[in-house]
Amino acid sequence: MRVRRNFVSNDFYRKGREENRVCLPWRFFVPFTVKQKNMLMSDKISHWIRPQIRALSAYHVPPSADLIKLDAMENPYHWPETMVEEWLAVLRGVSLNRYPDPSPARLKTSLGKAMGVPAGQSVLLGNGSDELIQMIALALAQPGRVILTPEPGFVMYKMIATMTGMDYVGVPLAADFSLDLEAMLAAIEQCQPAVVFLAYPNNPTGNLFDRLAINAVIKASPGLVVVDEAYHAFADDSFMDELGKHDNLLVMRTVSKMGLAGLRLGLLAGPDEWLTEFDKTRLPYNINVLTQVSAEFALTHRAVLDQQTRQICTDREKLMTDLQALDGIMAFPSRANFILFRVPQAAAVFAALKEQGVLIKNMGAEQGPLAQCLRVTVGTAEENGAFLRALVSAIK
Ligand code: PMP
């Protein structure tokens with residue numbers, strides 16, 4: 001296409017640059033030069049920040065000081081003191097003045113092994129799996145391209161679609177939170193999504209989708225399918241073994257729920273051909289040096305992490321039984337380290353719990369599938385006990 005630009009001469013642009021004036025193609029020139037000097041900052045912000053970003057709310061993390069923190073699916077346990085001492089000795093040897101290894105091969109190998117990545121499949125590391133979702137979207141984004149995922153689901157899929165200028169399509173789950181395969185297949189046929197994200201187990205509902213249904217989604221998808229196994233440690237089921245059987249399947253994991261949320265480290269496993277492309281959207285040195293050595297150290301003490309995970313699973317079952325025994329509470333089965341439950345007045349119950357020092361998550365829905373739902377993370381036995389006592393008093 002020929003650009004009509006000679007309404008203003010090239011000399012005019014050159015002179016403008018020398019005088020440090022803003023020079024723009026003729027189409028933009030008149031409105032901006034007239035307005036720019038007198039624009040209020042708020043007008044500049046509404047002019048320059050994309051409307052999609054202005055419409056977003058930043059990811060909100062509520063203050064939790066002095067509260068029992070059961071809102072973010074963290075592992076509540078610390079390490080034994082001897083292990084902490086050993087770790088600190090390792091940290092002493094770290095060179096903070098140097099950039100980290102940009103692509104830590106040893107960590108990739110040990111994490112890949114720990115996560116059961118099959119031979120022949122590659123590994124990409126992210127600053128949390130959030131960053132991996134973003135890398136995938138950055139590589140796929142084009143106007144009209146779609147991220148598709150069942151809803152209710154993990155909020156970052158939608159946020160990242162918006163940030164990267166992709167379209168977002170949420171397909172409602174069935175009433176029991178299972179995958180509505182017919183609706184999924186119809187949406188896939190209609191939208192031809194660049195990527196489908198399936199959280200397995202799903203957040204915030206906690207259930208595992210049917211394996212056959214997921215396989216059907218993988219087969220029907222023209223683009224990628226990412227099975228997000230953030231809660232794998234508590235689920236005892238995985239699609240890792242399916243890698244290599246489908247050329248459009250990727251599996252994502254994180255160390256966050258294994259007791260290492262502070263490290264910010266996620267893993268994407270799949271065919272090298274895809275990962276090589278996503279790697280191009282990765283910022284250099286995305287895994288900091290403290291994370292690299294701490295993760296390697298933690299993996300050599302895997303038994304401690306696994307024991308904590310087993311404890312959380314045992315406590316989840318007890319918490320579920322206790323919740324189900326309460327009148328007026330509907331708790332949904334969970335294969336993750338949290339439980340979604342419905343109460344008659346969610347906002348009031350949430351506030352009453354906080355008043356008593358317990359922070360959980362209010363799903364904030366008046367209507368729809370998450371209406372009057374709250375989500376509690378499984379904590380220590382003492383924390384779960386404190387939560388239940390506060391809940392009993394809140395619903396009285
Ligand atoms: N996927 C799902 C389904 C999640 O619930 C979360 C975090 N809550 C993540 C991914 C991101 O985990 P992280 O960035 O801590 O690795």
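Keep in mind that the numbers below use all heavy atoms, side chains included, and drop hydrogens, waters and symmetry copies. When a ligand or atom number is given, it counts from 1 through the structure's own listing order. For this chain, numbers begin at 1 and follow the sequence in order.
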Next on the checklist: Tell me whether Arg211 forms a cation-pi arrangement with Phe239, defined as NZ or CZ under 6.0 Å from the six-membered ring centre and within 45 degrees of its axis.
Outcome noted: yes
Checklist entry - Phe297 vs Trp79 aromatic rings, parallel, tilted or perpendicular, using cut-offs 30° and 60°? => result tilted
Checklist entry - Among all protein non-hydrogen atoms, which one is nearest to atom 5 (O) of ligand 1, and what is the separation to 0.1 Å? => result Tyr231 OH, 2.6 Å
Checklist entry - Less than 3.5 Å between some nitrogen or oxygen of Thr254 and one of ligand 1, yes or no? => result yes
Checklist entry - Just which atoms of ligand 1 are under 4.0 Å from any heavy atom in Ser256? => result 13 (P), 15 (O), 16 (O)
Checklist entry - Going through the distances and angles, do Asp101 and Gln292 end up as a side chain to side chain donor-acceptor pair (under 3.5 Å)? => result CA-CA 9 Å; Asp101 183 341; Gln292 292 191 17; 5.6 Å; no
Checklist outcome for this item: Quick note on ligand 1: atoms under 4.0 Å from a heavy atom of Gly128 include exactly 14 (O), 16 (O)
Checklist entry - For the residue pair Tyr157 and Phe154, does the interplanar ring angle fall in the parallel (under 30°), tilted (30 to 60°) or perpendicular (over 60°) class? => result perpendicular
Next on the checklist: Looking only at the side chains, is there a donor atom on one of Asp130 and Tyr59 sitting less than 3.5 Å from an acceptor on the other?
Outcome noted: no
Checklist entry - What protein heavy atom sits nearest atom 6 (C) of ligand 1, and how far away is it? => result Phe154 CZ, 3.3 Å
Checklist outcome for this item: for atom 11 (C) of ligand 1, nearest protein heavy atom and its distance come out as Asp130 OD1, 3.2 Å
Item to check | Ionic contact status for Lys318 with Asp315, cut-off 4.0 Å | outcome: no
Checklist outcome for this item: Short version for Asp228: what comes under 4.0 Å of ligand 1, heavy atoms counted, is side chain
Checklist entry - Can you tell which part of Lys257 has a heavy atom less than 4.0 Å from ligand 1: side chain, backbone, both or neither? => result side chain
Next on the checklist: Can you confirm if the aromatic rings of Phe177 and Phe209 lie within a centre distance of less than 6.0 Å?
Outcome noted: no
Checklist entry - Among protein heavy atoms, which sits nearest to atom 12 (O) of ligand 1, and what does the distance come to when rounded to 0.1 Å? => result Ser129 OG, 3.2 Å
Next on the checklist: To check your reading of the model: name the closest protein heavy atom to atom 14 (O) of ligand 1, its residue, and the distance in Å.
Outcome noted: Arg264 NH2, 2.9 Å
